[in-house]
Amino acid sequence: MSATLEQATMNTAKETLEMTDGFHLVIDALKHNGIDTIFGLVGIPITDLARLAQAEGMRFIGFRHEQNAGNAAAIAGYMTQKPGICLTVSAPGFLNGLTALANATTNCFPMILISGSSEREIVDLQQGDYEEMDQLNAAKPFAKAAYRINKAEDIGIGIARAIRAAVSGRPGGVYLDLPAQLLGQSLDAARGKKSLVRVVDPAPRQIPAPDSVKRALDLLKGAKRPLILLGKGAAYAQADADIRALIEKTGIPYLPMSMAKGLLPDTHPQSASAARSYVLAEADVVMLIGARLNWLLSHGKGKTWGAPKQFIQIDIAPTEIDSNVAIAAPVIGDVGSCVSALLAGINSGFGKPSAEWTGAIAERKDKNLTKMAATLNQNPSPMNYHSALRAIRDVLKTRPDINVVNEGANALDFTRSIVDMYQPRKRFDAGTWGIMGIGMGYAIGAAVTSGLPVVAIEGDSAFGFSGMELETICRYRLPVVTVIFNNNGVYKGCDPNLNPKGPDVAVTAFVKGARYDKMIEAFGGIGYNVTTPAELTKALTEAIAAGKPALINAAIDEAAGTESGRLINLNPKSAAAKK
Ligand code: ADP
Ligand code: TPW
C-alpha cells in the first residue's frame, strides 16, 4: 500500500470512529443558529451541558433561581428578536422556569425554556424517578409551543423547530424537553453534523393586504381627532425610523404604552402622554400599532374611552382583532411592513390634524406638566416618590443609553410617568400581567445583552421576589444599579394590623427601616443608604459612573403612595362599592 493510500484509509477509519453525543449536538445546534448565551441553573442532568456550552465558547449565566434566569432569557429575546435560552433541571427547576415562560408568552417575547427530564419509561408509569414529572404536558397550556426530542439525530430539527416557533408570527415562549438519556446518546459525528439545521428566515416579513392598508388610510383621512397608540409590539419590531416617520409625516398625536416609551423620545412635541385621559376620551379614530386592547387600555371601552371611536389595528396576530371591541380597519402583518405600506400611501392629499385638536391637547399638556412640575419640585421630609424620582429623572436624562427596569405598584406607576425615556427598547417593566419578580432577571438579561448599564427602580416588595440575584450581579460584575423605594411594606408601610388579638403585624408590613444596601455589600457590591433627593442624586451618579454592582436603599415616607398604586379601582372592595 502506498503511503498516501495508507493515510487515507487511516483517515476514513478515524472519521467512522469519531462520535458525538446529545450534549454536543444541543450546543452545536444552538451555536449553528447564532445563539451565544444561555441563562440557567445547573443540576442533574444539565450541569455537563452548561459546562460544555462554556467550553464551546458560549456564555452561561448561572442564576440562584430559575424564574430569574427565565426572565433574563425573555428580555434578551425582546431586545434582540432572537429567542432567549433558559436552561433548567427537571420537575422543580422546570416549574420554577415555567412562570417566566408563561410571562414571556403573555408579553409576546421569544424565549425557549430547555429542561432536562427523567426517563420516559419511568415517568409514564409514574414509578417515582428523581424529580419525576410529565413536563411536556405541564408546559403546553403555558407556552406557545412545546416539543420533546427523543433521538440524538433529531436535535438539529428539534432546535430549529423551537427557534421558529418562538420568533415567527406573534413571538412567545417555547418549551423544549430533553430527556437525560437523549443527552447521553452517541451518534456518528459526520451524521450528527449533517443533522444540524440553520433556520432560514425565522421570522418572515408578513406583508399586509393592500386593501387593508387602503381601508386604514381612508379611515385616518376622515378623522377629526386622530390618535396613534404605540405598544411594545411596535418597539419589538425594530422599525424605529419608519414609525417615527409615520408619526411626523401625519402629524398625529401619539401615546406610548409603558414599554414603547422611548420609541420616540418622550419629549417629542407630538407625545400626548401628559394629556392621556383627554386624548383617550376625545379621539375619534385610534390607530393601535403593536398594542392590545387588554386591561391596560380598559379593554377599549367604558369611561376611559369616552366619545365613540373607530379603531385601526396593526398586529401580526389576526385573532387579536375584535378581541375586545369591533375593529373598523384591521391591518395584519409585521409592524415594519405595515408601517412602511402606510407611509407609502400617505401623499400630499393627506391633511394634518386640525389646530383645534392639537391645540386642545397642547393646552392640557401645559396645564398638567405645570401641575406636575410643582409637585416634583417639593422637598418633603421624609422624601416621597415624587421628590426621589425627580432626582432619578435628572440623572437618567444625562444617560439616554441606560436600560431601565421597573416594578412595584406606586414605584412602577410614578416612574412610568415621571422618568422620560429617549431611546427604543430601554424600558423593561411588569408588562402585560403586572407581574412582580421580573426585576433582577430583566436587569441581568438587559446588562448581559446590551453591555450597557442598567438602573432597576424597584418597590421594596417587588425587589424581594428576585433579590437573591444580587449575588449573580456581583459574581458577573454587571453594571446594574438597583434603587429600592423603601417604604417598609407592600404598597405602603403604615397599615394598621386589623387583628389586634393575633401576634402578627399588618398583612402589608415589612421589617421597618430595613437596610437593603447591606445585602449587596455581603457579595462585594457597593451599598448606599440615602434619605434625601440630593443624596440620591449623588449616589446614583457615582454608581453609574463606577459601572459596578450597586444598590441604593432610598428610604421614603412609609405613608406615601396608595394601595395597589393606580389600580385601586381593580380591588374587589372598591369595584363593589362603585356598583
Ligand atoms: P402593550 O402592552 O405595550 O400595549 P401588547 O403586549 O399588549 O403591548 O401588544 C403587543 C402586540 O404586538 C401583540 O398583539 C402582538 O401580536 C403584536 N406584535 C408583536 N410583534 C409584532 C410584530 N413584529 N409585528 C406586528 N405585531 C407584533
Ligand atoms: C407575582 C401583587 C402587585 S404590586 C405588589 C404586589 C405584591 C408590590 C407593591 O409593593 P412595592 O411597591 O413593590 O413595595 P410600592 O412602590 O407600591 O411600595 N405577586 C406577583 N405579582 C403581583 N403583581 C402581586 C403578587 C402585587
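Whatever order the structure lists ligands and atoms in, that order sets their numbers, starting from 1. Just so you know, these numbers come straight off a predicted model, no measurement behind them.
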[atom]: which protein heavy atom is closest, and how many Å away?
atom                    : answer
atom 20 (N) of ligand 1 : Tyr236 CD2, 3.7 Å
atom 22 (C) of ligand 2 : Met436 CG, 3.6 Å
atom 8 (C) of ligand 2  : Ser461 OG, 3.4 Å
atom 5 (P) of ligand 1  : Arg292 NE, 3.4 Å
atom 19 (C) of ligand 1 : Gly233 CA, 3.7 Å
atom 23 (N) of ligand 2 : Gly434 O, 2.9 Å
atom 23 (N) of ligand 1 : Ala237 CB, 3.9 Å
atom 10 (C) of ligand 1 : Gly290 O, 3.2 Å
atom 24 (N) of ligand 1 : Val335 N, 2.9 Å
atom 14 (O) of ligand 2 : Asp460 OD1, 2.6 Å
atom 25 (C) of ligand 2 : Phe465 CZ, 4.1 Å
atom 13 (O) of ligand 2 : Ala462 N, 2.8 Å
atom 12 (O) of ligand 2 : Ala409 N, 3.2 Å

(request) Taking only Lys NZ, Arg NE, NH1 and NH2, and the carboxylate oxygens of Asp or Glu, determine whether Glu471 and Arg64 approach each other closer than 4.0 Å. (result)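 Between Arg64 and Glu471 there is a salt bridge, with a charged N closer than 4.0 Å to a carboxylate O.
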Q) Is Arg244 salt-bridged to Asp242, going by a charged N under 4.0 Å from an acidic O? A) no
Taking the six-membered ring where the residue is Trp, are the ring centres of Phe94 and Tyr175 under 6.0 Å apart?
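Judged by ring-centre distance (under 6.0 Å), Phe94 and Tyr175 do meet the cut-off.
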Please determine, by modelled atom types, if [X] and [Y] share a side-chain donor-acceptor pair under 3.5 angstrom.
X      : Y      : result
Ser387 : Asn379 : no
Asn103 : Thr106 : no
Ser450 : Asn403 : yes
Asp557 : Asn384 : no
Ser466 : Glu469 : no
Ser271 : Asp266 : no
Lys365 : Ser273 : no

Heavy-atom proximity to atom 16 (O) of ligand 1, picking from Asp315, Asp429, Ile316, points to Asp315
Practice item. For Asn487, take its heavy atoms, then give the atoms of ligand 2 lying under 4.0 Å from any of them. Key: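 In order of numbering, the contacting atoms are 18 (O).
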For Gly408, the atoms of ligand 2 under 4.0 Å from one of its heavy atoms are 12 (O), 13 (O)
Measuring from the heavy atoms of [X], does anything fall under 4.0 Å of ligand 2?
X      : answer
Tyr491 : yes
Gly561 : no
Gly489 : yes
Trp433 : no
Phe414 : no

Quick check: [X] and ligand 1, any N/O pair under 3.5 Å apart?
X      : answer
Lys232 : yes
Asn107 : no
Glu320 : no
Asp334 : no

[X] heavy atoms, cut-off 4.0 Å: which ligand 1 atoms fall inside?
X      : answer
Arg170 : 13 (C), 14 (O), 15 (C), 16 (O)
Gly333 : 24 (N), 25 (C)
Met257 : 3 (O), 4 (O)
Gly231 : 3 (O)
Thr432 : 6 (O)
Asn294 : 7 (O)

Note to self: In this structure, does ligand 1 have an atom that sits under 4.0 Å from one of the heavy atoms of Cys338?
What the structure shows: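 No heavy atom of Cys338 comes that close to ligand 1.
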message: Tell me whether the count of non-hydrogen atoms from other residues, nucleotides or ligands lying under 6.0 Å of CZ in Arg215 goes above 12.
response: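 More than 12 within 6.0 Å, yes.
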Heavy-atom count around Lys214 NZ within 6.0 Å, excluding the residue itself: above 12?
no
Looking only at heavy atoms, the pair that brings Met259 and Arg427 closest together is CG-O, 3.3 Å
Check Ile314 against ligand 1 and report side chain, backbone, both or neither, counting heavy atoms closer than 4.0 Å.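 No part of Ile314 comes within reach of ligand 1.
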Any residue meeting salt bridge (Lys or Arg N to Asp or Glu O under 4.0 Å) with Asp284, in chain and number order, not counting sequence neighbours:
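Asp284 satisfies salt bridge (Lys or Arg N to Asp or Glu O under 4.0 Å) with no residue once adjacent residues are dropped.
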message: Between Phe428 and Asn406, does the side-chain contact (heavy atoms from CB on, under 4.5 Å) criterion hold? Intermediate values first, please.
response: CA-CA 6 Å; Phe428 315 109; Asn406 187 204; over 6 Å; no
Report the C-alpha distance between Arg425 and Asp240 in whole Å, list the side-chain angles of each, state the deciding distance to 0.1 Å, and finish with yes or no for salt bridge (Lys or Arg N to Asp or Glu O under 4.0 Å). CA-CA 10 Å; Arg425 295 170 299 281; Asp240 311 338; 2.8 Å; yes
Please report, to 0.1 Å, the donor-acceptor pairs under 3.5 Å made by any side chain of residues 456-463, with sequence neighbours excluded.
{"residue": "Asp460", "atom": "OD2", "partner": "Asn487", "partner atom": "N", "Å": "3.4"}
{"residue": "Asp460", "atom": "OD2", "partner": "Asn488", "partner atom": "N", "Å": "3.0"}
{"residue": "Asp460", "atom": "OD2", "partner": "Gly489", "partner atom": "N", "Å": "3.0"}

Honestly, for Tyr385 the part within reach of ligand 2 (heavy atoms, under 4.0 Å) is side chain
Would you find a donor on one side and an acceptor on the other, under 3.5 Å apart, between the side chain of Ser417 and the backbone of Asp413?
->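 Such a contact is found between Ser417 side chain and Asp413 backbone.
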ask   = Aromatic rings Trp305 and Phe311: how do their planes relate, parallel, tilted or perpendicular, breaks at 30° and 60°?
value = perpendicular
